[in-house]
Student: 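I am attaching a structure below and will ask some questions about it afterwards.
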Protein chains: 2
Amino acid sequence: MEPVTEATDLLKLDRQVCFALSIASRSVIGLYRPLLQPMGLTHPQYLVMLALWESEPLSVKELGELLQLDPGTLSPLLKRLEALGYVHRERNSHDERTLAVTLTPVGRRLRAEAEKIPPAIVARLGMDIEELEHLHTSLMRLIAATQRS
Amino acid sequence: MEPVTEATDLLKLDRQVCFALSIASRSVIGLYRPLLQPMGLTHPQYLVMLALWESEPLSVKELGELLQLDPGTLSPLLKRLEALGYVHRERNSHDERTLAVTLTPVGRRLRAEAEKIPPAIVARLGMDIEELEHLHTSLMRLIAATQRS
DNA sequence: CGCTATTAGTTGGTGCACAAATTAATCTAG
DNA sequence: CTAGATTAATTTGTGCACCAACTAATAGCG
């Protein structure tokens, strides 16, 4: 039995938080997987579609800011969404550097199908909306904490 | 302005939760990155080291259960840790199927260095231990929720 | 005992995540 | 007006995550 110093104590608490965060994220994504599969979407692709269902068109830069993702991650992801026939990628005529990502009619219609997913997830989790909202608030505070200075 | 139906409402709440979870996880890992870099570790490798600092030896299966990771993920990761000189991989003599992953002396000594990380992270976050503990509890409840049935 | 099923780990393939280097377009100082 | 700086995307390379197929060892049943 080793002595519990302040260092090992902090190490343990912290370990639990970063463990929990990684595992929770992967576990929840795992819940989405079978629901997204029929549409041919991965979870990150689903997040991009959610962003586009809210606002269109979006540039790679704008998507990157919304999803906190690298252009190097989004670029090939968007090509796969285009290959699936859900989005259209076109250079902006006023600024040829930026890309205008828009939904295709098929991509727009997919939203109706996607709306069945969240209730299924919430039901599967069997947690109160209230508790989920509280968790969301805590996570947003954590995200804010990681981003100051 | 489109009408807020129950479906779009749920879609939004949920979107926020899965957004927040993914982004929080990646953001916190991003905080670790510069601290782990001097040791040559990635965050998943750090989690494996934490597990080994607590208990040794561990098999791939045991590590997979602790970290909720696939053997297909762990197998190459452990080889990289071995190449770094932090762990040793050896088949168990009583059951040649299982691998006994142990720390090397260098890997064991690395713990002292690693103990500096959590206080640095907590300081960087600037959040109460209490709030972090509460978040941890919520995350554990969420993980449990994803895993029943 | 020997055959079959199970178990542990590895391998190969796809896609995400991030960093660094690259390319092309636009902006801005002089 | 043009040279250099800045900006937006793409590309390349490494490593993680998951799945499915495979290999080898062990367990268990007849």
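Letters A, B, ... are given to chains in the order of the sequence lines, protein chains preceding strands, and every chain is numbered from 1.
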Student: Once you round it to whole Å, what is the distance between P of C:dA17 and CD1 of B:I23?
Tutor: 10 Å

Student: Tell me the closest heavy-atom pair linking A:Y46 and A:L41, and the distance in Å.
Tutor: CA-CD1, 4.3 Å

Student: Closest-nucleotide mapping onto DNA chain C: is B:T98 or A:P44 further toward the 5' terminus? I mean the 5' end.
Tutor: B:T98

Student: State whether the side chain of B:E82 and the backbone N or O of B:R89 hold a donor-acceptor pair below 3.5 Å, judged by distance alone.
Tutor: yes

Student: Between C:dT10, D:dG15, D:dA17, which nucleotide has the shortest distance from any of its atoms to the side chain of B:S75?
Tutor: C:dT10

Student: Mind checking A:P71 for me? I need base, sugar-phosphate or nothing, with any heavy atom below 4.0 Å counting as a touch.
Tutor: base

Student: Table please: side-chain donor-acceptor pairs of residues 62-73 of chain A below 3.5 Å, with sequence neighbours left out.
Tutor:
| from | atom 1 | to | atom 2 | distance (Å) |
| --- | --- | --- | --- | --- |
| A:E62 | OE1 | A:S59 | N | 2.8 |
| A:E62 | OE1 | A:S59 | OG | 3.4 |
| A:E65 | OE2 | A:K61 | NZ | 3.3 |
| A:Q68 | OE1 | A:Q147 | NE2 | 2.9 |

Student: Under 4.0 Å between a side-chain N or O of B:K79 and OP1 or OP2 of D:dG15?
Tutor: no

Student: Could you check whether B:L77 gets within reach of a base, just the sugar-phosphate, or nothing at all, counting any heavy atom under 4.0 Å?
Tutor: sugar-phosphate

Student: In this structure, how many angstroms lie between the C1' atom of C:dT7 and the CZ atom of B:R91, rounded?
Tutor: 12 Å

Student: Is the backbone N or O of A:G85 less than 3.5 Å from a side-chain atom of A:T104, with the two atoms forming a donor-acceptor pair by type?
Tutor: yes

Student: For B:R97, does its backbone N or O pair with a side-chain atom of B:R91 as donor and acceptor, under 3.5 Å?
Tutor: yes

Student: Round to a whole Å and report the spacing from CG of B:L69 to P of C:dA8.
Tutor: 16 Å

Student: How close or far is atom C1' of D:dT7 from atom CD of A:E62, stated in whole angstroms?
Tutor: 14 Å

Student: Where the side chain of A:N92 meets the backbone of A:H94, is there a donor-acceptor pair that is under 3.5 Å apart?
Tutor: yes

Student: Give me the distances for all protein-to-nucleotides 19-28 of chain D N/O pairs that come in under 3.5 Å?
Tutor:
| from | atom 1 | to | atom 2 | distance (Å) |
| --- | --- | --- | --- | --- |
| D:dT26 | OP1 | B:E96 | N | 3.0 |

Student: What's the CG-P distance between A:L63 and C:dA17, to the nearest Å?
Tutor: 13 Å

Student: For B:Q37 and C:dC18, what is the distance between atoms CD and P respectively, to the nearest whole Å?
Tutor: 14 Å

Student: Within this structure, what is the CG-to-C1' distance between B:L78 and C:dG9, rounded to whole angstrom?
Tutor: 11 Å

Student: Using the side chain to side chain contact (heavy atoms under 4.5 Å, CB included) definition, which of the options B:L58, B:V87, B:L74 pairs with B:V48?
Tutor: B:L74

Student: Assuming nearest nucleotide by heavy-atom distance, tell me which of A:K61 and A:S22 is located more 5' along DNA chain D.
Tutor: A:K61

Student: Indicate, with a heavy-atom threshold strictly under 4.0 Å, whether B:I29 touches base, sugar-phosphate, or nothing.
Tutor: nothing

Student: Could you state the atom-to-atom distance from CG of A:L74 to P of C:dA19 in whole Å?
Tutor: 14 Å

